[in-house]
Amino acid sequence: MQVLLYAPATSPRLKYICRFIFAELLKVEFSLTPNIEDFVSYSGVKISYTITPHINGGFTIGDCGLLFESDIKEQNTTCFEVNNYKAFFKTPSADFPFDIFAASFYLLSRYEEYLPYQKDMYGRYAHENALAFKENFLQLPLVNIWVKDFAIQLQNRFPALRLQPLAFSFLPTYDIDMAFSYKYKGLARNAGSFFKSPSLERIKVLAGIKQDPFDCFAWLNHLHDDYQLQPVYFFLMAEKN
């Protein structure tokens, strides 16, 4: 069964998040239409994404406006609780308590990282700046949780809708630009580095007394075995780095 989604207009942001929620997570076909007559006459599962609630029996998701903007600006992300989980972009007049499309886009696109922020000691976006850290959901697959609740409500409204059970999986990935700090660098390179910046640690590592500070692979392997994970490592294989 195909889901018909009505919105007065469309945008790349809306198309992106609909593909993610419906095609990737819910595994259901969907189509977008800006034609209200087609939406009203449709007899299947239909969702209106507008500021106007309850159009002819459709399930309504309130539009907070973010997905139809073309710029990047500060958003009102005041959080509240829904089914014991945090949410934002509240839309009280709709069937769903918040704009799940815009909120999911905000988190998946890392929208806040494009706004001005205070950098960490490495010049990166510090996780302490993130809404997820401030609201204590950094450790949760929040979008998946939202979509699971969304799917339940859709099936309650449209009993004929069949959705595959949502399953969360974790795939750890690692970008390894430099596997070792001192080991396997060669005599000339280690000697040159030592004279530039003398280090007792370097001597101990090369003498086999101490473990290389970057060598955490045994610990990672143990962690993956404990939690039955299948990691993917990306090693920088350039001749020079």
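Just so it is clear, the values below take in all heavy atoms, side chains as well, and ignore hydrogens, waters and symmetry mates. It should be emphasised that the depicted structure is a prediction, and the values quoted were computed from it without experimental measurement. FYI, the numbering just counts along the sequence from 1.
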Pairs where residues 12-30 contributes a residue and the test side-chain hydrogen bond (donor to acceptor under 3.5 Å, both in side chains) is met, not counting sequence neighbours: none

Between Thr33 and Leu4, does the side chain to side chain contact (heavy atoms under 4.5 Å, CB included) criterion hold? Intermediate values first, please. CA-CA 7 Å; Thr33 180; Leu4 182 65; 3.6 Å; yes

Cluster overlap Phe137 with Tyr125, hydrophobic side-chain contacts below 4.5 Å: no

So do Phe105 and Leu67 actually touch side chain to side chain, heavy atoms under 4.5 Å? yes

Interatomic distance, Asp95 atom CG to Asn156 atom CG [nearest 0.5 angstrom]: 11.5 Å

Quick check: closest heavy atoms across Ile100 and Ile21, and the distance to 0.1 Å? O-CD1, 4.5 Å

Rest of the hydrophobic cluster containing Ile209 (Ile/Leu/Val/Met/Phe/Trp/Tyr, side-chain heavy atoms under 4.5 Å)? none

Tell me whether Leu138 shares a hydrophobic cluster with Ile145, the cluster being built from Ile, Leu, Val, Met, Phe, Trp, Tyr side chains joined at under 4.5 Å. no

To check you understand the geometry: which heavy-atom pair defines the closest contact between Leu26 and Leu163, and what is its length? O-CD2, 3.9 Å

Would you please name every residue forming a ring pair (Phe, Tyr, Trp, His ring centres under 6.0 Å) with His222, sequence neighbours left out? none

If I compare all heavy atoms of Trp146 with all of Ala103, which pair ends up nearest, and what's the gap? CZ3-CB, 3.5 Å

Salt bridge or not for Lys90 and Asp99, using N-O below 4.0 Å? no

Between Gln230 and Pro172, which heavy-atom pair has the shortest distance, and what is it? O-CD, 4.3 Å

All side chain to side chain contact (heavy atoms under 4.5 Å, CB included) counterparts of Tyr233, not counting sequence neighbours: Tyr174, Ile176, Phe217, Leu220, Asn221, His224, Pro231, Phe235

Flag the pair Phe80 / Phe88 as yes when their ring centroid distance falls below 6.0 Å, and as no otherwise. no

Rounded distance (nearest 0.5 Å) linking atom OH of Tyr117 with atom CG of Asn129: 8.5 Å

Linking I/L/V/M/F/W/Y whenever any side-chain heavy atoms sit under 4.5 Å apart, do Leu25 and Ile152 land together? no

List the steps, then state whether side chain to side chain contact (heavy atoms under 4.5 Å, CB included) holds for Val147 with Phe22. CA-CA 9 Å; Val147 173; Phe22 292 107; over 6 Å; no

Please check this pair: side chain of Asp63 against backbone of Ile51, looking for a donor-acceptor N/O pair closer than 3.5 Å. no

Whether Glu37 side chain and Ser41 backbone form a donor-acceptor pair below 3.5 Å: no

Kindly compute the distance separating CG (Asn136) from NZ (Lys134), expressed to the nearest 0.5 Å. 14.0 Å

I'd like to know whether CD of Gln118 has more than 12 heavy-atom contacts from other residues, nucleotides or ligands below 6.0 angstrom. no

Where do Leu32 and Cys18 land on the side chain to side chain contact (heavy atoms under 4.5 Å, CB included) test, with the steps shown first? CA-CA 9 Å; Leu32 285 163; Cys18 285; 4.2 Å; yes

Counting C-beta onward and ignoring hydrogens, is there a side-chain heavy-atom pair between Phe150 and Ile47 closer than 4.5 Å? yes

Expected output: side-chain Arg124 to main-chain Met121 donor-acceptor under 3.5 Å: no

Is the backbone N or O of Leu131 less than 3.5 Å from a side-chain atom of Glu112, with the two atoms forming a donor-acceptor pair by type? yes

Which atoms form the tightest heavy-atom contact between Ala7 and Phe68, and what is the distance? CB-CZ, 4.2 Å

Ignoring hydrogens and angles, tell me if any N or O in the side chain of Ser48 forms a donor-acceptor pair with the backbone of Thr50 under 3.5 Å. no

Ignoring hydrogens and geometry, is there a side-chain-to-backbone donor-acceptor pair from Thr91 to Ala94 under 3.5 Å? no

For Tyr49 against Pro8, the heavy-atom pair lying closest together: O-CD, 3.7 Å

For residues Leu108 and Ile72: do they belong to one hydrophobic cluster (side chain heavy atoms under 4.5 Å, members Ile, Leu, Val, Met, Phe, Trp, Tyr)? yes

Going by atom types only, do Asp38 and Tyr6 share a side-chain donor-acceptor pair under 3.5 Å? no

CD1 of Ile61 to CZ of Phe96: how many Å apart, nearest 0.5 Å? 7.0 Å

Ring pair (Phe, Tyr, Trp, His ring centres under 6.0 Å) against Phe20, all qualifying residues, sequence neighbours excluded: none

Any pair counted as side-chain hydrogen bond (donor to acceptor under 3.5 Å, both in side chains), so long as it reaches residues 72-86, sequence neighbours left out: Glu69-Gln75, Gln75-Tyr111, Asn76-Thr78, Asn83-Asp149, Lys86-Glu135

Please answer whether the main-chain N or O of Val40 pairs with a side-chain N or O of Lys46 as donor and acceptor at a distance below 3.5 Å. yes

What about Met178 and Phe234, same hydrophobic cluster or not, with Ile/Leu/Val/Met/Phe/Trp/Tyr joined at side-chain heavy-atom distances under 4.5 Å? no

Roughly how far, to the nearest 0.5 Å, is the CG atom of Leu107 from the CG atom of Leu142? 6.5 Å

Pair Phe98, Phe89 - check ring pair (Phe, Tyr, Trp, His ring centres under 6.0 Å), show working. CA-CA 5 Å; Phe98 64 99; Phe89 296 152; 8.8 Å; no

Is the number of heavy atoms from other residues, nucleotides or ligands under 6.0 Å of Glu128 CD greater than 12? yes

Test log, rule side chain to side chain contact (heavy atoms under 4.5 Å, CB included), inputs Phe170 and Leu229: CA-CA 8 Å; Phe170 174 60; Leu229 299 173; 3.9 Å; yes

Between OH on residue Tyr227 and CG on residue Leu223, distance to nearest 0.5 Å: 6.5 Å

